[in-house]
Amino acid sequence: MAFTFAVTAGQVRAENSFSTVVIDPGHGGSDPGGIPGQIVPEKTVALDTALRLQKLLQRAGLRTVITRSTDIFVPLSVRSAIADAERDAIFVSIHYNASPRSSAHGIETYSENNRGAVLAARIQQEIIDRVSTENRGIRSADYYVLRKCRLPAVLVECGFLTNPREAQLALTTAYREQIAEQIAAGIIEQRQFAFPPLAPTHRSGRLVHKNKKHRKIVDLERFGHPPPTIRIVRIAEHQG
């Protein structure tokens, strides 16, 4: 059965609703990311994209904290602890996707609760407005760094490294810079709006359904600036 509920986006204007961005380049060191046999290591392009994002945000006057700035392994618990040590901040984790199906493609952004969903919606829309790719939408999943982070938190999947075309794009500085620019644009726009109060949790204490085949997806077809009420729907999802 479908389960539907609404999350109200933060449409109230605010003066600088946060001042710090914790940037989390996925994987690193002994953890390359992706799946076995993947040609392009996720950890490398994720770090480069994150460093580009950091520079853009600093130019915009935002304070940044990065969980790793070199090719080292940082445990998930440490990443969350770094984020939770910050006040007046948001958390943005940078990843690239992988699938056993080489045809899988596109960009998607994850959050774990309604506060993160507001930020995820802005970032996803900014990327889709400028990057020619499949819009895989806003999703919610039980990822550790999202679940354990008390800040508004998102995880951006910047394309599939197992897709020949997107893998080649990810290897270009132009693509990584463009992705970083659009993530930055979404962050900077969100800074002007207050986050909504954390919505009441659903049954298990989270807004995330534990079965990975059922994930909530935000309908962005009528998304505007600022976004209207975001409707999140749990549907059956069969993806790689």
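Along the sequence shown, the residues carry numbers beginning at 1. In this text, all values refer to a predicted model and were calculated from it rather than measured experimentally.
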*Evaluate the side-chain proximity of T20 to T64: yes if any heavy-atom separation is below 4.5 Å, no if none is.*
no

*Counting only N and O atoms by type, is there a donor-acceptor contact under 3.5 Å from the side chain of T172 to the main-chain atoms of L169?*
yes

_Closest non-hydrogen atom pair, N114 against P196_ = ND2-CG, 3.8 Å

*asked:* Looking at R87 and D84, would you say the former's side chain and the latter's main chain have a donor-acceptor pair under 3.5 Å?
replied: no

_Return the OH to CG distance between Y175 and D48, rounded to the nearest 0.5 Å._
12.5 Å

*Atom pair CZ/CD1 of R130 and I179 - distance to nearest 0.5 Å*: 12.5 Å

*For the hydrophobic clusters of this structure (ILVMFWY residues joined by side-chain heavy atoms under 4.5 Å, transitively), does one cluster hold both Y96 and L47?*
yes

_Donor-acceptor pair, distance only, cut-off 3.5 Å: does the side chain of R191 make one with the backbone of F18?_
yes

*Residue pairs passing the salt bridge (Lys or Arg N to Asp or Glu O under 4.0 Å) test where at least one lies in residues 56-69, sequence neighbours excluded*: R63-E86

*Do P152 and F91 touch side chain to side chain, with heavy atoms closer than 4.5 Å?*
no

*Does the Q124 side chain pair with the main chain of I107, one donor and one acceptor, at a distance under 3.5 Å?*
yes

*Picking from I35, I39, V40, what satisfies side-chain contact (heavy atoms from CB on, under 4.5 Å) with L161?*
V40

*Does one side chain, of Q182 or D129, offer a donor that lies under 3.5 Å from an acceptor on the other?*
no

*Verdict with supporting geometry, Q190 and F195, side-chain contact (heavy atoms from CB on, under 4.5 Å)*: CA-CA 8 Å; Q190 178 57 46; F195 284 102; 3.7 Å; yes

_Over all atoms of both residues, closest heavy-atom pair of P25 and A46_ = CB-O, 4.0 Å

*asked:* If I take atom CG from residue L56 and atom CG from residue L62, how far apart are they, to the nearest 0.5 angstrom?
replied: 11.0 Å

*Please report the C-alpha distance between I183 and V92 in whole Å, then the side-chain angles of each, then the deciding distance to 0.1 Å, and finally whether the side-chain contact (heavy atoms from CB on, under 4.5 Å) criterion is met.*
CA-CA 9 Å; I183 295 173; V92 180; 4.3 Å; yes

_Which heavy atom of T49 sits nearest to which heavy atom of V45, and what is that distance?_
OG1-O, 2.8 Å

*Minimum heavy-atom separation for N97 to E108, with atom names?*
ND2-OE2, 2.9 Å

*Ion pair R52/E177, N-O distance below 4.0 Å*: yes

*Among the clusters formed by ILVMFWY side chains lying less than 4.5 Å apart, do I188 and I128 turn up in the same one?*
no

*Geometric cation-pi criterion R122 and F193, 6.0 Å radius, 45° cone*: yes

*Mind running side-chain contact (heavy atoms from CB on, under 4.5 Å) on Y143 and S93 for me, showing each step along the way?*
CA-CA 11 Å; Y143 293 139; S93 191; over 6 Å; no

*Does D31 pair with K43 as a salt bridge, N-O distance under 4.0 Å?*
no

*Atom pair OG1 (T67) and CG (D24), whose distance is rounded to the nearest 0.5 Å*: 3.5 Å

*Check whether L119 and I66 end up in the same hydrophobic cluster, where Ile, Leu, Val, Met, Phe, Trp and Tyr are linked by side-chain heavy atoms less than 4.5 Å apart.*
yes

*Please name the pair of heavy atoms, one in Q54 and one in I23, separated by the smallest distance, quoted to 0.1 Å.*
CA-CD1, 3.5 Å

*Check S111 against G116 and note the closest heavy-atom contact, atom names and distance.*
CB-C, 3.4 Å

_Nearest 0.5 angstrom please: S99 OG to H105 NE2, how far?_
11.5 Å

*Below 4.5 Å, heavy atoms only, C-beta onward: do V154 and Y110 meet side chain to side chain?*
no

_Common cluster, I94/L51, ILVMFWY with side-chain heavy-atom separation under 4.5 Å_ = yes

*asked:* Under the ring pair (Phe, Tyr, Trp, His ring centres under 6.0 Å) definition, can you give me all pairs with a residue in residues 19-74, not counting sequence neighbours?
replied: H27-H95

_For L155 and T109: C-alpha separation, side-chain torsions, deciding distance, then whether side-chain contact (heavy atoms from CB on, under 4.5 Å) applies._
CA-CA 6 Å; L155 186 150; T109 306; over 6 Å; no

*side-chain hydrogen bond (donor to acceptor under 3.5 Å, both in side chains) pairs, two or more places apart, involving residues 150-167*: T133-E166

*For the atom pair CD1 (I90) and SG (C149), what is the distance rounded to the nearest 0.5 Å?*
10.0 Å

*Is there side-chain contact between V156 and I123, with at least one heavy-atom pair below 4.5 Å?*
yes

